[in-house]
Amino acid sequence: MLYALDQINSQNDFLRGYKLGALILDSCSNPAYALNQSLDFVRDMIGSSEASDYVCLDGSDPNLKKQSQKKNVAAVVGGSYSSVSVQLANLLRLFRIAQVSPASTNADLSDKNRFEYFARTVPSDDYQAMAMVEIAVKFKWSYVSLVYSADEYGELGADAFKKEARKKGICIALEERIQNKKESFTESINNLVQKLQPEKNVGATVVVLFVGTEYIPDILRYTAERMKLTSGAKKRIIWLASESWDRNNDKYTAGDNRLAAQGAIVLMLASQKVPSFEEYFMSLHPGTEAFERNKWLRELWQVKYKCEFDTPPGSTASRCEDIKQSTEGFNADDKVQFVIDAVYAIAHGLQSMKQAICPDDAIENHWISRYSKQPEICHAMQNIDGSDFYQNYLLKVNFTDIVGKRFRFSPQGDGPASYTILTYKPKSMDKKRRMTDDESSPSDYVEIGHWSENNLTIYEKNLWWDPDHTPVSVCSLPCKIGFRKQLIKDEQCCWACSKCEDYEYLINETHCVGCEQGWWPTKDRKGCFDLSLSQLKYMRWRSMYSLVPTILAVFGIIATLFVIVVYVIYNETPVVKASGRELSYILLISMIMCYCMTFVLLSKPSAIVCAIKRTGIGFAFSCLYSAMFVKTNRIFRIFSTRSAQRPRFISPISQVVMTAMLAGVQLIGSLIWLSVVPPGWRHHYPTRDQVVLTCNVPDHHFLYSLAYDGFLIVLCTTYAVKTRKVPENFNETKFIGFSMYTTCVVWLSWIFFFFGTGSDFQIQTSSLCISISMSANVALACIFSPKLWIILFEKHKNVRKQEGESMLNKSSRSLGNCSSRLCANSIDEPNQYTALLTDSTRRRSSRKTSQPTSTSSAHDTFL
């Protein structure tokens, strides 16, 4: 402070001849003592001129020789401790005296309703609490313990931290209010270690400190003893300390305290060294005027150097007068800059006030008065109105301070909010620092960041941990993706993780909500996306579910085409004629239609594809089974009629017409269905995570359309059963019957299989394709394979036997009771009617006419 006054007074143009002085009193860091000192100071300031202030021993009235002169006090600098400043402010406000503190950070001192004349060159603890909370947020420390001293500084600082922590979602695991007693320290440290949970990955690793400077050494010592710390301890308390942590105090790092302090993160008011002050201070030594005017320097010398002043001759004690300071190990206090700023702020306020209220001051206008020994002071400056000076001049100062930074007060009278963030990282315990051997940074404290007006900067390369291994200070580890937090006893930071359903997303950390139908949660579970845009399902040609049915259908088409080619080549042979060429070609074309339905079912659904699916499958089956029904019905009618009249509608044209009529019923019904429900596609949702592109009619409606085909199958099967006892050589009905039995088994199996796999459309579609192909395969194999065998491998049976035919014709003519239905169309070549004659019929005819012939069995080859 004296250095700042010397600097100001040495500038003649600063106050234009006015000189600033100081009355310095020691508060001893004690609020009560500071208040007593203040009372004496105020008494001297207002002047003690009344006789009642004095009492004579003999009881007579005092006789004052000289009126005491009032001291001209502009403002008060101090105190350092917040508790002291509060007491001073409460007293000085009564006399409207401005007060500027260089170190008090109590948040309540910003309340202008209580402390109207208080200002400070340091920020409020509210800013410090904000900086500490932002550091915790930066490193994701959501669960911390809080230790504060049982005084105004600790309690108000803790309240400010808790207020800011709640805003950022940081929980206080434990609050410890400590007093400067051993029992209090022991109990508090035990509780802190319990919350630390040394054996677990979670716990309150970080402990926020809002305590007075004198508390910290004992806290560190008890912590080291309780935790039995060693240099290789895996988990330790990380202190997040306020600016009360004194980095120049050797007690903090003495002995085992160093182990407990290692890794501590400390906030320090952002200040710079003042080289000119350090030179000034190092020049002080006993005997000089600057030394002797400061009575506390003698006490400092005696304590620091263990010497004595004014020692008598022959004394063995060290003479303080002979000792001068050394720069080795010297570190100026971090608050030197703020003390100088406080003095300069008052000086600038006085200069502004002088320019405003004393524009014609003689000292300003006359150089003779300006340099006179006792210049006259402007009357307005002699009686300073503290309220006017504080509001209109002091709070409005704006100047460049001694280290080159702009200084101004906030509307609440606080200094600029700026902090330097340090960590205790001693070289002796840090391999990296020992290896680099950075001589430019001899301190064990390393700067790791800076905070200024809600702007946090961290130098991660200077941290004592690796960026990927940040210490954890949480109550519960974060839940994995797809899990929600289930809070424990409404504790914001402690939870158990509960799994959301697969189709749910998180609207917040504690609640899961299901996506709409056709939507699915994103990978981060923070929203839903439309499945139809990226995961729309339909039959793909490259999947096994499509390849197998396609191969079966291709083979079926090739086989059917082969039969058609054979029939065309051997179109005029007895076997082809006897099998009924017209119905055979209808059967073969129907089979190709059945095989082609596989490609329709496997195609991507569209209006055209769905229309063909709804009409084509039913129509193909109706053609196939209508032709089979006509065949079996014709045979049944031939052998069930006992009259001599030929059955009606057994000619080839009649059979084709009947087949067309039966198949037309299915076609007309399908066309009516298409007109009532136009074909189209829709999205089907068999499960929550699937969107299937399918036709716009339900599957059971599709089965309804096949009901008519089922009716034809039942009719075919019924007539196949009825004609099972026809003569042996009429074996075509037996093959049709076997085909029907197999078809019934195939379709009954498919129905159960289809509805049993309702959630997998690929299996359903693939099984339907295979069932359709198998129905065609059964019919192709059962009906046409016997004929192909004769045509290709037993060609001797596929020729006309003229002699046998002549004998047969003769026998027929001589038979008196020959039925007209068997003899009406005796011609040279066999046709559909004569081909039905069996060997047994001819044998009966031969026995009646007693004309056996060796060629009577030749016609059996046509059957």
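Bear in mind that the values here come from a model prediction, so they are computed numbers and not experimental data.
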Please tell me if the side chains of [X] and [Y] come closer than 4.5 Å, counting only heavy atoms from C-beta onward.
X	Y	result
L587	K631	yes
Y741	V721	yes
L531	Q690	no
Q655	E582	no
T694	F761	no
L601	K613	yes
Y538	P605	yes
L588	L780	yes

Does [X] reach the main-chain N or O of [Y] with its side chain, forming a donor-acceptor pair under 3.5 Å?
X	Y	result
S675	I672	yes
S546	R540	yes
R614	V697	no
S476	W495	yes
D466	H469	no
R581	N571	yes
K787	I783	yes
R525	E504	yes
W673	P678	no

Are R484 and E509 close enough for a salt bridge, meaning some N to O gap below 4.0 Å?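 Here R484 does not pair with E509 in a salt bridge, since their nearest N and O are not under 4.0 Å apart.
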Within this structure, what is the [atom1]-[atom2] distance for the pair [X] and [Y], rounded to the nearest 0.5 Å?
X	Y	atom1	atom2	result
T615	M597	OG1	CE	7.5 Å
D524	I481	CG	CD1	7.0 Å
S766	L547	OG	CG	9.5 Å
I772	S775	CD1	OG	7.5 Å
T659	L583	OG1	CG	5.0 Å
N696	H684	CG	NE2	13.5 Å

Are the gamma sulfurs of C475 and C493 separated by less than 2.5 Å? no
Distance-only side-chain donor-acceptor flag, [X] / [Y], under 3.5 Å:
X	Y	result
S606	W681	no
Q535	W520	no
T742	S739	no

For residues 618-629, which side-chain donor-acceptor pairs fall under 3.5 Å, sequence neighbours excluded?
residue: S622; atom: OG; partner: G618; partner atom: O; Å: 3.2
residue: S622; atom: OG; partner: F619; partner atom: O; Å: 2.6
residue: S626; atom: OG; partner: S622; partner atom: O; Å: 2.4

Any pair with a residue in residues 545-573 that passes ring-ring contact (aromatic ring centres under 6.0 Å, His included), sequence neighbours left out, goes on the list, sorted by first then second residue, please. Y567-F784
Could you tell me whether [X] atom [atom1] has more than 12 heavy atoms of other residues or ligands within 6.0 Å of it?
X	atom1	answer
L533	CG	yes
F711	CZ	no
K795	NZ	no
E516	CD	no
W789	CH2	no
L792	CG	yes

Set out, in order, the CA-CA distance, both residues' side-chain angles and the distance that settles side chain to side chain contact (heavy atoms under 4.5 Å, CB included) for T470 and K140, then state yes or no. CA-CA 9 Å; T470 302; K140 299 180 180 179; over 6 Å; no
For [X] and [Y], which heavy atoms make the closest approach, and how far apart are they?
X	Y	result
S749	V745	OG-O, 2.8 Å
P549	I770	CG-CG1, 4.2 Å
D530	G518	OD1-O, 3.4 Å
L477	C497	O-SG, 4.4 Å
L536	V692	CD1-C, 4.4 Å
S534	F529	OG-CE1, 3.4 Å

Report the C-alpha distance between D689 and Y503 in whole Å, list the side-chain angles of each, state the deciding distance to 0.1 Å, and finish with yes or no for side chain to side chain contact (heavy atoms under 4.5 Å, CB included). CA-CA 7 Å; D689 63 339; Y503 55 84; over 6 Å; no
With side chain to side chain contact (heavy atoms under 4.5 Å, CB included) as the criterion, how do V566 and L788 come out once you've worked through the C-alpha distance, each side chain's angles and the decisive distance to 0.1 Å? CA-CA 8 Å; V566 171; L788 289 181; 3.6 Å; yes
Walk me through whether Q486 and T510 qualify under side chain to side chain contact (heavy atoms under 4.5 Å, CB included). CA-CA 6 Å; Q486 189 172 355; T510 58; over 6 Å; no
